[in-house]
*Asks:* 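Here you go, one structure.
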Protein chains: 2
Amino acid sequence: MPTESKVDVLVLGAGPAGLMCAQGLKRAGVNVRIIDKRPKKVAAGQADGVQPRTIEVLQSYGLAERLLREGNQMHMVRTGRTADITAPSARYPFEVTLHQGAIEAIFLDSMRELGLEVDRPIIPTALELSHDENELRDPQSYPVKVTLKHLDFGSEGQDDTEIVYAKFVVGADGAHSWVRKTLGIIMDGEQTDYIWGVVDLIPSTNFPDIRNRCAIHSSNGSCMIIPREGDKVRLYIQLSDKDVVVDKATGRVDKEKTKVGPEELLEVARKSFSPFTIEKAGEIDWWTIYLIGQRVAQKFSVHERVFIAGDACHTHSPKAGQGMNASMNDTHNLIWKMTYVLRGWADISLLRTYEFERRKYAQDLIAFDKKFSALFSGKPRTEECQDGVSHEAFLEAFQTFGAFSCGIGIHYSPSSIPSMPNITELKHQSLTSHQTVGMRILPHVFVRAADARPFEIQDLLPANTKWKLVVFVGDIGPGKIKQIERVAKLADDLGKSTGLLKRYEDGVFEILTICATVKECLNYTDLPEVLRPHWSRVLLDDVDMFGRTGGKGYDIYGVDPSQGAIIVVRPDGYVGTVTPLEGVKDLETYFDTFLIRTL
Amino acid sequence: MPTESKVDVLVLGAGPAGLMCAQGLKRAGVNVRIIDKRPKKVAAGQADGVQPRTIEVLQSYGLAERLLREGNQMHMVRTGRTADITAPSARYPFEVTLHQGAIEAIFLDSMRELGLEVDRPIIPTALELSHDENELRDPQSYPVKVTLKHLDFGSEGQDDTEIVYAKFVVGADGAHSWVRKTLGIIMDGEQTDYIWGVVDLIPSTNFPDIRNRCAIHSSNGSCMIIPREGDKVRLYIQLSDKDVVVDKATGRVDKEKTKVGPEELLEVARKSFSPFTIEKAGEIDWWTIYLIGQRVAQKFSVHERVFIAGDACHTHSPKAGQGMNASMNDTHNLIWKMTYVLRGWADISLLRTYEFERRKYAQDLIAFDKKFSALFSGKPRTEECQDGVSHEAFLEAFQTFGAFSCGIGIHYSPSSIPSMPNITELKHQSLTSHQTVGMRILPHVFVRAADARPFEIQDLLPANTKWKLVVFVGDIGPGKIKQIERVAKLADDLGKSTGLLKRYEDGVFEILTICATVKECLNYTDLPEVLRPHWSRVLLDDVDMFGRTGGKGYDIYGVDPSQGAIIVVRPDGYVGTVTPLEGVKDLETYFDTFLIRTL
């Protein structure tokens, strides 16, 4: 008899998407289990690029510090030495590169502190989803039955089979996802004929830009340099289809029959580098060869009970450093929604927004990748090859996609919350003219009213599953009678006995108050109590004591200090809606569409 | 028969001075042992103020991150709301408050990672120092015999006595130091009649500045507020001598006979706070009553084989938050010197500079404390009391001592290195008009030439026992032929076969090169190899890619880009000397006075 057990969420696959998912759910107190088929975590190579928005997301779970310490930071791109990142609003204006194993270790160690380990080596062998509509609709039911096989069991007559009944399953099991195939979900898109080799090594070279992201676009082919942690460098090297044998059945490179190894890849790179030289100093750390596929899954879930995430739902070229970022951001999007449904705080239909938001993003990503890859893999324009890609066109592409590729540009459309009248979400957008509804809350430094300590606002809006009401009260300094009265009225509206703060489960909301008043003119005790639940929750739009940081925050968000605004920030850091100080009724309408009322 | 053993350095006392000492020596690879009489570390109360310079020092060992995370930061003082710190060059422009136990935990955990634990509970019972001059002069001898008693041994007939032979002993055993008394070292100075009570609590109050350092100076007495980690606050409360019974023999408050407890202290505070209210929310965390003593030890060592450090050599009032800082900085000064002598890299006479530098600092500290305490404890000026301290005089004192009290102003005099001709240390001071020789290297952000990543220079000059040659090469951009030639000549001078870099033990020096050239005009490969031992060691005086940080560094240090300068930074972060680019001979003279030559 196989062991049987129940779990709220079963995560299949312990790569970046699965680990992000498991740590976030565990942190939120959800009963979660994560399994993986590999006996150990990745040791070298694989994905390595972490984009600015992903760093912000990791920081929202308290995980960015170690990444920044261990990883390499890419600040500069060699195209006349411009910034590697083209989004000036990025809190971290650089990319971090660190091998996937080290990034996974950050999650694994954090999960261990929370009391969660990856069960391995285990593979799923069967998955059955109930057809009972009532069961599917009840978030407390266990409609998914998964059969697991323990790969290291069985020698001593031990039963290697296990049955798990789960409320939800997340398939984060990679590009060749077993979950996706088992559910019969189709990938839209196609294989390209772009063939690339990748080598990780410590170079010995006289190339002066070896520590910057560089694209070498020569008639000997293209080569891209990605500096890595320590003295390591990754080279992406374009190969010709005559170098490589492709298995027609799988569409993958046949590594057995292909006679190209790391030495041959380095030889191709040498030609691109000429007249500079490059040699390996020590051993090759990791290498691979692949064909670029550009595909998106048709569906990201079945009945919002089994989900797929990460490479299981989108594959594309690795050169823009998007893969691992898209994967982690998939499950970052799912964590709080699943938590709310499991806690009974939100209707199960909230989970539909996962596919709505993340599939659109994946489609945009593939469209971006197609343009980028075509330019990158194309022959350069020369006298003999007038159809080639000009260096200028290449550079332009390299820059144009900046905001998108660094993750700052992610924009969730309205109606992402089901049955939400779009008009409510967007009707007050003009109150925050620089903070777009649907995009992540902009980073900025404010000083705390009680002690003038500067804080990055994103650090006060962590991914702790709470919705944040960021109340820009405007200027309420001496003599600003009208604004002070409006704020007093807002406090009354918020404090009502069946109002916004009372009608849902305790713990949904956190309030953060931001005054457009300088420190000389305001005490935190001047605010109504509902707007200062703790002395630390009142900020000023002012510089710190030495004028080193802070100030002009109302300009950053485009809020008028004589008006004010309430910016509603979702638990994942994206702005849900914006209202005026008189908009508590609008907020009640907004939250009533998906939160379950207790009053 | 008691156990006998040998150790290079025995540290007696595991408070801040002793822990700083032990972790630094262990980090440097020194064979060190640390003992303490207490069975456990401090749990609450005690010292709690960490000054800006001390944060820099902790950062130089990689220990500041956790302090900044766990501690409270005091940015603002309530005197019309000015900055808590008056030294704008501070890297950390605030004080951190965190209870001593938490600070000790930072050291203890870091030491554990290095493989060192505190042996406890143990007390020393005898100390004998050899009188043999040859033995005293030989750094590899063991001239100190210490007898230890294990307080938790003996019940099962176990011998609780142990003999340790040490090359050096550090007595970091507090204000009532057994080591100091055993060595017969006299404390200069006297007891004051200022009596203060201290209470740590979580307050419930409507006082708007409860999260800022405040001095309440009322006719009901003075009270000082120190905000602490979490919601805690420390109150310093002035008492009248009729409230307290002093033991004439010890000069200490007799806590048995004194009828004042925490409730009485809070009652006195309430009078100062009026018309605002203050109550405790929960239990009193810690409290004490004390008389202020202001004393400095006449000697800080005997024959440079037994040293005293921390409260063992200086006591003063705690209100300016200096005690723990002075203690940690005492042993920070000693660590590298002792390491060099034990490694055979420097003459044993180098250790004399410990007393020279730190005793002068302690004397300055007491002088500062006398002025500060008199103002603080004096009655306020009122109509009835025209001799009282005016509020203006008090505020002025609060501000005036800023640079000193935050530790940034520490200035080691020349001739701190024995038999060093002062003229060599100071003759080129004008080349760095804003970086004083004898003071700590100023913090500033530069960008790395190879990848445009910004770095705080102090982070590139860690307390790793190495001397740093910070070479400001000036502007060596295109066309700056003369400066390029001077730099080439410097590289030749440094590279000589019996020159500066070759004549001492390997590992004494690290080179950091700073170019007054913008990133568009320089590759790190343009520098001579001796000035770029690794790609990461070349910096530019330029802003980062988004102009957020960096730039104007030559101005900060007062270096002329058409001249350049070499700033020599000691292993403890203080500037040893400055020379021009042609000054390699001066550097050889400087280091020959105390480093042992191998060529």
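Quick note on labels: first sequence line is chain A, next is B, and so on, each numbered from 1.
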*Asks:* Below 4.5 Å, heavy-atom pairs only: which of A:Ser536, A:Pro227, A:Ala452 has the largest tally toward chain B?
*Replies:*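 Answer, by heavy-atom pair count under 4.5 Å with chain B: A:Ala452.
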*Asks:* Does B:Arg211 form a side chain to side chain contact (heavy atoms under 4.5 Å, CB included) with A:Arg448? I'd like the steps, not just the answer.
*Replies:* CA-CA 10 Å; B:Arg211 297 305 307 173; A:Arg448 194 155 67 178; 5.6 Å; no
*Asks:* Surrounding NZ of B:Lys280 (heavy atoms of other residues, nucleotides or ligands, distance under 6.0 Å), is the total greater than 12?
*Replies:* yes
*Asks:* Could you check if a side-chain atom of A:Phe207 sits within less than 4.5 angstrom of a side-chain atom of B:Thr525, using non-hydrogen atoms only?
*Replies:*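 SC-SC contact between A:Phe207 and B:Thr525 ruled out.
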*Asks:* Do side-chain atoms of A:Asn523 reach the backbone of B:Asp209 as a donor and acceptor pair under 3.5 angstrom?
*Replies:*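 Looks like no, no N/O pair under 3.5 Å.
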*Asks:* Let me confirm one number: the NZ-CG distance from A:Lys519 to B:Asn212, rounded to the nearest 0.5 Å.
*Replies:* 11.0 Å
*Asks:* Once you round to the nearest 0.5 Å, how far does CZ of A:Arg453 lie from CZ of B:Phe94?
*Replies:* 7.0 Å
*Asks:* Got A:Ile210 and B:Tyr524 here, is their nearest side-chain heavy-atom distance under 4.5 Å?
*Replies:*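 A side-chain contact exists here, since the closest heavy-atom pair is under 4.5 Å.
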*Asks:* Give, for atom OG1 of A:Thr549 and atom CZ of B:Arg548, the distance between the pair rounded to the nearest 0.5 Å.
*Replies:*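 The CZ atom of B:Arg548 is 10.5 Å from OG1 of A:Thr549, to the nearest 0.5 Å.
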